[in-house]
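Excluded from the calculations below are hydrogen atoms, water molecules and symmetry mates; all remaining heavy atoms, backbone and side chain alike, are included. First the proteins, then the strands, lettered A, B, ... as listed; each starts at 1.
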Number of protein chains: 2
Amino acid sequence: MNKQMLQRYATRAEILKALAHPTRLFLVDRLSRREHCVCELVELVGVDFSTVSKHLSILKNAGFVTDEKRGLKVFYRLRCPCVADFFRCVDTVLRLNAEEKLASLSK
Amino acid sequence: MNKQMLQRYATRAEILKALAHPTRLFLVDRLSRREHCVCELVELVGVDFSTVSKHLSILKNAGFVTDEKRGLKVFYRLRCPCVADFFRCVDTVLRLNAEEKLASLSK
DNA sequence: ACTGTATTTGGTTATTATGGAAAATAAGAA
DNA sequence: TTCTTATTTTCCATAATAACCAAATACAGT
């Protein structure tokens, strides 16, 4: 793999990495329904607010969400509905895995 | 987030994490065209064979690929064509990011 | 059984990611 | 201005990841 190709895949890996964390998946799932301020998300997730804030900034840097400050609060919303594609594929893989496990049991 | 929900998102995050590495993305991309034995992939990637082997086992554990031993060689193939969805979404996000950067320049 | 080839596994080390505590920043209210 | 709330950033300790080398395993051919 040469430099250019490596860079190409590295860029894509960065995007995926941003999503590859339980808390961040949860955040994306929530934001896919409606916007939320950070304080609401902190409540929902149940970890330190600094942790939530950092997760949100990772999602923002990757381009999955955008933020908007209104008064004291910062509201985050999903930027790209295509994230549903991810969930769909992940669930397909999970289903395949489960089916295979089932099949291996009944042999 | 309660235990059960956390587990649900953690499982999905594991699947995504398996894909979130430049080399593994490259491997999946190659395997999406046709099966390859490990030695071919080692050639293509250009890192140590033990490293490639470990990446493949991560992809296998996640359920993205399956392997089959034929003689001395082990052949890997893609298990789920839905991986194309990932690439599509990732590229959409990348395009959005690039468009935004462009727009911010012409302001 | 012995040899050579293909692959996996274990060990080591360097790098990166994670999460909480505390400090810094931002903005509305008193 | 001072106080309070919301959020981000910095610092630090800990855990997870990734790469290579070396050793182990698997297997076909002699």
Asks: Just to be sure I understand the geometry, which residues of residues 5-27 of chain A put a non-hydrogen atom under 4.0 Å away from DNA chain C?
Replies: A/Lys17, A/His21, A/Arg24

Asks: Between B/Val38 and A/Ser50, which has a closest nucleotide on DNA chain C that is more 5'?
Replies: B/Val38

Asks: Measure from the side-chain N and O atoms of A/Glu40 to the backbone N and O of A/Cys37, and report whether any donor-acceptor pair falls under 3.5 Å.
Replies: yes

Asks: Does A/Arg70 make a cation-pi contact with A/Phe75, if we ask for NZ or CZ under 6.0 Å from the ring centre and within 45° of the axis?
Replies: yes

Asks: Please verify the inter-ring angle class for B/His55 with B/His21; under 30° counts as parallel, over 60° as perpendicular, anything in between as tilted.
Replies: tilted

Asks: Once you round to the nearest 0.5 Å, how far does OG1 of A/Thr66 lie from CD of A/Glu35?
Replies: 9.0 Å

Asks: Might you list the N or O atoms of the protein lying below 3.5 Å from N or O atoms in nucleotides 24-30 of chain D, with each pair's distance?
Replies:
none

Asks: Among side-chain atoms of B/Ser104 and B/Glu100, is any donor-acceptor pair under 3.5 angstrom?
Replies: no

Asks: Tell me, please, which residues at least two apart from B/Phe87 pass ring-ring contact (aromatic ring centres under 6.0 Å, His included).
Replies: none

Asks: What nucleic acid atoms does A/Val52 come within less than 4.0 Å of, heavy atoms only: base, sugar-phosphate, or nothing?
Replies: nothing

Asks: Give a yes/no on whether any side-chain N or O of A/Tyr76 is located under 4.0 angstrom from OP1 or OP2 of D/dT8.
Replies: yes

Asks: With heavy atoms under 4.0 Å as the rule, sort A/Phe75 into base, sugar-phosphate or nothing.
Replies: nothing

